[in-house]
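Report on one structure; see the data block that follows.
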Amino acid sequence: MHAERYNPRESEPKWQQLWESRQTFQSRNDDPRPKYYVLEMFPYPSGRIHMGHVRNYAMGDVVARYRRAKGFNVLHPMGWDAFGMPAENAARLNKSHPGTWTYANIATMRGQLKSMGLSLDWSREVATCDPSYYKHQQAMFLDFLKAGLVDRKKSKVNWDPVDQTVLANEQVIDGRGWRSGALVEQRELTQWFLKITDFSQDLLDALDTLDRWPEKVRLMQKNWIGRSEGLLVRFRIDASTAPAGETELQVYTTRPDTLFGARFMAVAPDHPLAAKVAEGNPELAAFIAECRRMGTSVATLETAEKRGFDTGVRVAHPFDPDWKIPVYVANFVLMEYGTGAIFGCPAHDQRDLDFVNAYGLGNVPVVCPEGQDPASFVVTNVAYDGDGRMINSRFLDGMTIAAAKEEVTKRLEAVDIGGKPQAARQVNFRLRDWGISRQRYWGCPIPVIHCETCDVVPAPKASLPIKLPEDVQLDVTGNPLDHHPTWKHVPCPNCGKPARRETDTMDTFVDSSWYFARFTDPWNEQNPTDKAVADHWLPVDQYIGGIEHAILHLLYSRFFTRAMQATGHLGLSEPFKGLFTQGMVVHETYKGPDGEWVQPSDIKIEAGANGRRATMLEGGAEVTIGSIEKMSKSKRNVVDPDDIIETFGADTARWFMLSDSPPERDVIWSEEGVQGASRYVQQLWRLVGEIAGIAAPVGAAAPAEMSDKAVAIRRLTHGHLQRVQENIERLRFNTAIAEIRKLSNALSDAIGEVEEGGVDAGLAFAFREGGDVLVNLFAPMMPHLAEECWQALGHSTAIAEAAWPVADAALATNDTVTLPIQINGKKRAEITVDRTADNATVEAAVLALDSVQKALEGRTPKKIIVVPQRIVNVVA
RNA sequence: GCGGACGUGGCGAAACUGGUAGACGCAAGAGACUUAAAAUCUCUCGGGACUCCCGUGCGGGUUCGAUCCCCGCCGUCCGCACCA
């Protein structure tokens with residue numbers, strides 16, 4: 001007997017157990033069916049899952065279940081991005097071990113994810129903090145080292161004073177650490193680098209092949225890589241002003257055409273020439289020191305005024321040995337980009353203009369906009385960086401910018417100074433190598449040994465994994481590994497003398513740069529991957545995660561895949577074929593009587609014709625409803641997925657997450673919305689019960705004769721089936737859900753109409769088909785309810801193992817179409833014609849209509865436009 | 001400053017990228033059932049001077065026809081930011 005209400009609390013665990021016992025979602029590497037790899041960005045085991053996870057994994061699960069039903073061998077794994085600072089902080093607070101905290105969190109969150117009913121292959125679960133995982137990461141580091149993809153160098157690094165560690169450029173957001181939010185300082189340290197810049201050009205070029213990535217992400221990566229084409233120009237230093245041993249100054253420019261507009265040269269405060277001059281010039285030394293102080297944080301740099309210091313050094317203009325140009329040290333020149341030196345052309349560069357205006361150096365425009373009189377064209381406060389013709393530039397005058405660039409380049413390439421041309425074309429990238437050294441305990445140890453005799457020695461592969469010590473003292477300043485009494489002391493693998501281990505660990509972004517490959521063969525003890533297996537599964541067909549990883553994780557993973565290809569671990573260079581970046585989960589904020597943030601579960605909202613009003617559940621005090629913001633602990637506008645699953649069931653939570661907004665946009669979590677979803681769950685349950693009562697038996701053949709009514713139901717069924725399918729494939733979950741609701745509404749209406757008259761064989765068949773299709777359609781979103789309904793409809797196997805229904809194209813389209821008729825662009829009538837009717841027939845039929853003749857008011861149509869199966873427009 | 005996206009009812013949105021603007025839902029209102037409430041069911045729901053007209057941020061343009069294409073504004077959000 002069909003129960004009146006569907007009870008998710010009873011049903012959901014029941015079906016989860018069935019799937020688990022039948023290993024429904026385990027995928028085999030030797031399955032001959034076509035593969036489909038669905039992956040959601042794996043979570044950091046922070047303690048509990050949040051609504052963002054629910055949204056992310058609900059989307060991935062729809063794709064996985066849909067593809068499985070479509071006959072693909074689906075890989076849908078889950079793991080844990082388990083190294084990182086929070087574990088260390090928590091362990092220090094609780095006086096325990098980061099691993100204890102991490103594994104406890106993993107256990108909790110695994111349970112939560114399981115309660116969501118996700119179709120995951122848990123047999124492939126990995127945690128990056130496990131030696132069985134990081135062992136392979138260490139092995140790959142050694143492979144990369146051997147292949148020349150690793151560098152160790154002293155460099156200026158971003159130092160996070162709160163986390164007490166180094167950050168990569170990508171991890172500094174607006175001058176602050178991405179995790180701690182602390183103002184980042186600059187420090188000189190010797191660091192390990194992965195040579196991502198070896199692949200700058202390829203990482204840029206291959207963006208064009210990622211046609212299933214969001215345009216926005218591709219553009220962000222393009223800008224981040226920051227390619228520019230320019231010219232390296234050597235300026236001769238005037239001998240009488242040159243510091244000892246200095247003969248030339250090399251600059252990089254993308255505007256060699258503006259060379260005749262040069263007013264000054266500028267070098268970075270860290271430039272060797274600046275240091276040379278400063279040796280005998282205390283004032284300059286002081287200026288450089290001040291620049292360094294200012295430059296400790298990126299944030300202060302942004303607002304700083306342009307300042308400079310004349311070194312007294314003069315260089316000769318490349319095209320005029322008598323033209324001497326002063327060399328400044330300037331605070332706005334970066335040592336890290338180009339050569340750390342520029343030539344300043346103030347008329348056509350805003351920074352240079354600001355600089356000359358501060359120091360009274362003047363400017364000469366050399367590019368004149370089209371239509372401007374060259375004689376009267378002047379630049380005062382706004383530099384001109386647009387197109388135009390060359391002026392005041394001797395042999396370049398009259399040329400376009402492009403022609404002038406080419407001319408200058410050719411001439412200077414032909415000049416020989418000391419056996420080398422005076423200028424060379426050069427491509428520059430903004431992208432820096434990836435500094436991966438972190439001065440933390442809870443990360444993957446870098447597998448090298450420092451020996452006084454042999455210098456840096458790679459750890460032998462047989463010694464891997466180099467495990468973190470269990471007994472660690474975390475309440476020390478600096479790196480706990482470095483402070484460990486014994487861990488770092490090892491004999492040199494080369495000469496056997498006492499040596500010490502590298503105590504820095506790897507950036508946790510290294511861990512997440514290859515986990516997608518590990519999932520393909522997570523049991524492999526010998527190697528990070530089995531190349532053949534990895535090449536079979538990869539690339540990931542659909543990757544889903546937050547936009548916040550547009551650069552960091554996604555760029556690192558693209559690099560890592562290339563590095564793994566270069567070292568023989570993979571046979572491909574792009575890891576993610578399809579990428580989808582989902583929006584955040586946001587929620588209203590509430591403030592109590594004293595202006596304090598109040599959490600949603602503590603208030604009551606009443607809605608009436610005059611709007612909504614909120615009060616405290618306890619005491620009834622007035623609550624102010626505030627703006628809608630990303631769920632965050634600080635604003636207390638969080639909703640716990642556990643509470644929702646407990647109250648409404650996982651299906652309701654999943655359905656609401658998918659239904660309310662387009663997936664790439666933010667979704668507003670609301671109590672009303674969840675209740676709407678919950679109501680729909682019950683509605684479906686009742687509808688399926690009614691259908692089960694009148695439907696033909698499972699597997700019944702279609703009768704030869706069917707009433708119009710039955711055919712109409714079949715048409716609806718197949719039409720909606722086709723559209724839901726299309727929408728899921730395009731990841732348009734919200735519109736897929738709208739189509740499902742249309743089908744259930746239609747079936748419900750149809751039942752209401754036939755009840756009195758009884759059901760003939762045709763109708764019984766149509767309802768059997770409609771009910772089955774309906775349940776299949778919502779099964780990817782609400783898998784537990786679907787199993788229960790599937791059973792209620794008389795099926796004895798699980799719907800999770802059922803094939804997707806096949807849409808009958810003939811039924812999905814009607815024989816006739818109803819066309820709107822416009823008179824002069826305004827809709828005036830409608831006409832129903834045969835789908836295949838030709839334009840002449842349609843025209844005649846339209847003109848024969850009374851309503852059309854009336855609207856024409858006796859005018860003769862000038863033109864009739866018939867767009868087949870769309871519209872008719874009569875122009876009078 | 002540079003680059004990009006977006007702007008549609010009270011709200012979330014849809015419109016197969018040039019073809020009936022507002023599907024599907026949320027909220028609200030009216031009614032039915034009920035002693036009552038919840039649940040459920042039915043109806044209304046962009047605006048107006050309501051057989052018609054106006055409406056997709058604003059002002060123009062192209063077109064038989066524009067939410068969609070072009071030009072110019074306004075606003076919101078995001079990314080990068082002395083990158084030479």
Side-chain angles (χ1 to χ4, degrees), chain A residues 4-5 173-175 214-217 219-224 226-228 230 251-255 258 266 298 301-306 330-334 336-345 348-352 354-355 382-383 385 428-431 547 550-551 607-612 628 656 659-662 664-668 670-677 679-680 682-683 686 723 726-727 730 732 734-742 745 752 818-830 854 861-867 869-876:
Chain A
E4 193 136 326
R5 283 186 69 79
I173 318 284
D174 292 334
E215 191 56 46
K216 183 188 167 80
V217 174
L219 189 69
M220 278 165 73
Q221 292 212 353
K222 187 180 172 211
N223 292 338
W224 188 264
R227 183 184 197 271
S228 77
V251 307
Y252 174 75
T253 178
T254 55
R255 294 295 302 271
T258 63
V298 185
L301 253 173
E302 286 169 19
T303 49
E305 274 182 37
K306 307 270 174 295
N331 64 345
F332 65 93
V333 180
L334 305 173
E336 297 78 40
Y337 190 78
T339 62
I342 60 159
F343 85 83
C345 175
H348 306 291
D349 183 291
Q350 192 59 48
R351 293 156 303 174
D352 297 348
D354 293 345
F355 186 75
V382 181
D385 59 4
N428 257 358
F429 293 94
R430 213 191 71 114
L431 185 68
I547 184 80
I551 294 170
N610 306 324
R612 299 162 72 239
I628 293 169
F656 176 58
S659 67
D660 222 37
S661 290
E664 69 280 6
R665 241 180 270 181
D666 291 351
V667 66
I668 304 168
S670 71
E671 183 68 15
E672 295 88 346
V674 184
Q675 274 166 358
R679 272 201 301 275
Y680 187 61
Q682 298 301 339
Q683 206 175 307
R686 283 193 302 272
R723 285 189 290 277
E726 282 163 12
N727 282 317
R730 293 170 57 209
R732 309 272 314 202
N734 57 325
T735 46
I737 280 176
E739 287 297 330
I740 292 172
R741 292 190 90 127
K742 279 187 213 173
N745 288 349
T818 301
L819 302 176
I821 301 170
Q822 294 184 337
I823 313 287
N824 292 331
K826 305 256 182 221
K827 193 200 160 193
R828 294 294 179 224
E830 269 183 4
K854 200 177 148 203
K862 290 195 192 103
K863 198 164 147 191
I864 301 176
I865 294 135
V866 180
V867 184
Q869 294 168 40
R870 280 256 190 264
I871 202 165
V872 181
N873 195 5
V874 182
V875 186

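Proteins get letters first, then strands, A, B, ... in listed order; numbering begins at 1 in each.
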**A/Arg741 side chain, from C-beta outward: closest of B/C41, B/A84, B/C24** = B/C24

**Asked** Once you round it to whole Å, what is the distance between P of B/C41 and CZ of A/Arg686?
**Response** 5 Å

**Message:** Does A/Lys306 contact B/C82 through a side-chain donor or acceptor facing the base, at a distance under 3.5 Å?
**Reply:** yes

**Message:** Syn or anti for B/C50? Use the chi torsion, O4'-C1'-N9-C4 for purines and O4'-C1'-N1-C2 for pyrimidines, with syn inside 90° of 0.
**Reply:** syn

**Asked** Between A/Tyr337 and B/A84, is there a side-chain N or O to OP1/OP2 distance below 4.0 Å?
**Response** yes

**Prompt:** With a 4.0 Å cut-off on heavy atoms, is A/Asn745 in touch with a base, just the backbone sugar-phosphate, or nothing at all?
**Reply:** sugar-phosphate

**Message:** Students often get this wrong, so: under 4.0 angstrom with heavy atoms, is A/Val874 touching a base, only sugar-phosphate, or nothing?
**Reply:** nothing

**Item:** Any strand: nucleotide that pairs with B/C24 via Watson-Crick or wobble, under 3.5 Å
**Value:** B/G12

**Prompt:** Partners of A/Lys862 by side chain to side chain contact (heavy atoms under 4.5 Å, CB included), sequence neighbours excluded?
**Reply:** none

**Message:** Go through it in stages, so that I can follow the logic: the residues are A/Ile668 and A/Asp660, the test is side chain to side chain contact (heavy atoms under 4.5 Å, CB included), and I'd like the CA-CA distance, side-chain angles, deciding distance and then a yes or no.
**Reply:** CA-CA 8 Å; A/Ile668 304 168; A/Asp660 222 37; 5.6 Å; no

**Message:** Base, sugar-phosphate or nothing for A/Arg828? Non-hydrogen atoms, less than 4.0 Å.
**Reply:** sugar-phosphate

**Exam field: side chain A/Gln221 to backbone A/Ala550, donor-acceptor pair closer than 3.5 Å** = yes

**Request:** State whether A/Lys863 places a side-chain N or O below 4.0 Å from either non-bridging phosphate oxygen (OP1 or OP2) of B/C64.
**Result:** yes

**Request:** When you get a sec, tell me which of B/A21, B/G3, B/C24 is the closest nucleotide to the side chain of A/Gln822?
**Result:** B/A21

**Message:** Using a 4.0 Å heavy-atom cut-off, does A/Asn873 contact any base of the nucleic acid, only the sugar-phosphate backbone, or nothing at all?
**Reply:** base

**Prompt:** Which base, if any, makes a Watson-Crick or G-U wobble pair with B/C69, both distances under 3.5 Å?
**Reply:** B/G61

**Message:** With rounding to the closest Å, how many angstrom separate the P atoms on B/U67 and B/G55?
**Reply:** 10 Å

**Message:** When both hydrogen-bonding distances must be under 3.5 Å and the geometry is Watson-Crick or G-U wobble, what is B/G3 paired with, if anything?
**Reply:** B/C78

**Fill in**
Whole-Å distance, A/Ile342 CD1 to B/A84 C1', equals 6 Å

**Closest to the A/Pro820 side chain, choosing from B/U20, B/G19, B/C41** = B/U20

**Prompt:** Which heavy-atom pair separates A/Leu819 from A/Gln869 by the least distance, and what is that distance?
**Reply:** CD2-C, 3.6 Å

**Asked** Is A/Lys216 salt-bridged to A/Glu664, cutoff N-O under 4.0 Å?
**Response** no

**Request:** Starting at atom CG of A/Asp349, determine the distance to atom C1' of B/G1, rounded to an integer number of angstrom.
**Result:** 11 Å

**Request:** Start with the C-alpha distance between A/Asp349 and A/Phe355, add both sets of side-chain angles, then the distance that settles side chain to side chain contact (heavy atoms under 4.5 Å, CB included), and finish with yes or no.
**Result:** CA-CA 10 Å; A/Asp349 183 291; A/Phe355 186 75; over 6 Å; no

**B/S/- contact track for nucleotides 6-15 of chain B, protein heavy atom under 4.0 Å** = ------SSSS

**Complete:** Judged by whether its glycosidic angle lies within 90° of 0, B/G10 is anti

**Item:** Residue pair A/Ser659, A/Tyr680: steps toward the side chain to side chain donor-acceptor pair (under 3.5 Å) verdict
**Value:** CA-CA 12 Å; A/Ser659 67; A/Tyr680 187 61; over 6 Å; no

**Request:** For nucleotides B/G57 and B/C68, find the distance between their C1' atoms and express it as a whole number of Å.
**Result:** 16 Å

**Message:** Quick check: do A/Ile342 and A/Phe332 have side-chain heavy atoms less than 4.5 Å from each other?
**Reply:** yes

**Request:** For A/Arg255 and B/C83, give me the distance from atom CZ to atom P, rounded to whole Å.
**Result:** 14 Å

**Request:** Scan A/Glu726 against the nucleic acid and name what it touches under 4.0 Å (heavy atoms): base, sugar-phosphate only, or nothing.
**Result:** nothing

**Complete:** Taken to the nearest whole Å, CZ/A/Phe656 to C1'/B/G25 is 10 Å

**Prompt:** Are the side chain of A/Asn428 and the backbone of A/Ser228 linked by a donor-acceptor contact shorter than 3.5 Å?
**Reply:** no

**Prompt:** At under 4.0 Å between heavy atoms, what does A/Ile865 touch on the DNA or RNA strands: base, sugar-phosphate, or nothing?
**Reply:** base

**Request:** With P as the reference atom in both, quote the distance from B/A84 to B/A13 in angstrom, rounded to an integer.
**Result:** 38 Å

**Asked** When rounded to the nearest Å, what value does the distance between P atoms of B/C6 and B/G10 take?
**Response** 23 Å

**Heavy-atom side-chain proximity of A/Phe343 to A/Asp352 below 4.5 angstrom** = no

**Request:** Calculate the interatomic distance between A/Glu336 atom CD and B/A84 atom P; express it in whole Å.
**Result:** 14 Å

**Message:** From C-beta outward on A/Leu219, which listed nucleotide comes closest to its side chain: B/A84, B/G3, B/C26?
**Reply:** B/G3

**Asked** Using the P atom in both, what is the distance from B/G22 to B/C70, to the nearest Å?
**Response** 25 Å

**Asked** Out of B/A84, B/C64, B/C82, which nucleotide sits closest to the side chain of A/Val875?
**Response** B/C64

**Message:** Can you measure A/Asn223 atom CG to B/G79 atom C1' for me and round it to whole angstrom units?
**Reply:** 8 Å

**Prompt:** Taking the nucleotide of RNA chain B with the closest heavy atom to each, which residue, A/Gly676 or A/Lys827, is nearer the 5' end?
**Reply:** A/Lys827

**Request:** Answer yes or no: does a side-chain N or O of A/Arg679 lie under 4.0 Å from OP1 or OP2 of B/A27?
**Result:** yes

**First of A/Ser228 and A/Arg5 reached from the 5' end of RNA chain B, by closest nucleotide** = A/Arg5

**Message:** With rounding to the closest Å, how many angstrom separate the P atoms on B/A21 and B/A30?
**Reply:** 32 Å

**Item:** Pair A/Glu739 + A/Lys742: basic N to acidic O under 4.0 Å
**Value:** yes

**Request:** For A/Leu431 and B/G79, give me the distance from atom CG to atom C1', rounded to whole Å.
**Result:** 16 Å

**B/C43 pairs with, by Watson-Crick or G-U criteria that keep both distances under 3.5 Å** = B/G29

**Asked** Say you pick atom C1' in B/C71 and the same atom in B/C53; how far apart are they, in whole Å?
**Response** 29 Å

**Message:** Taking B/C24 as the reference, what is the distance to B/A14 when you measure between their C1' atoms (whole Å, please)?
**Reply:** 8 Å

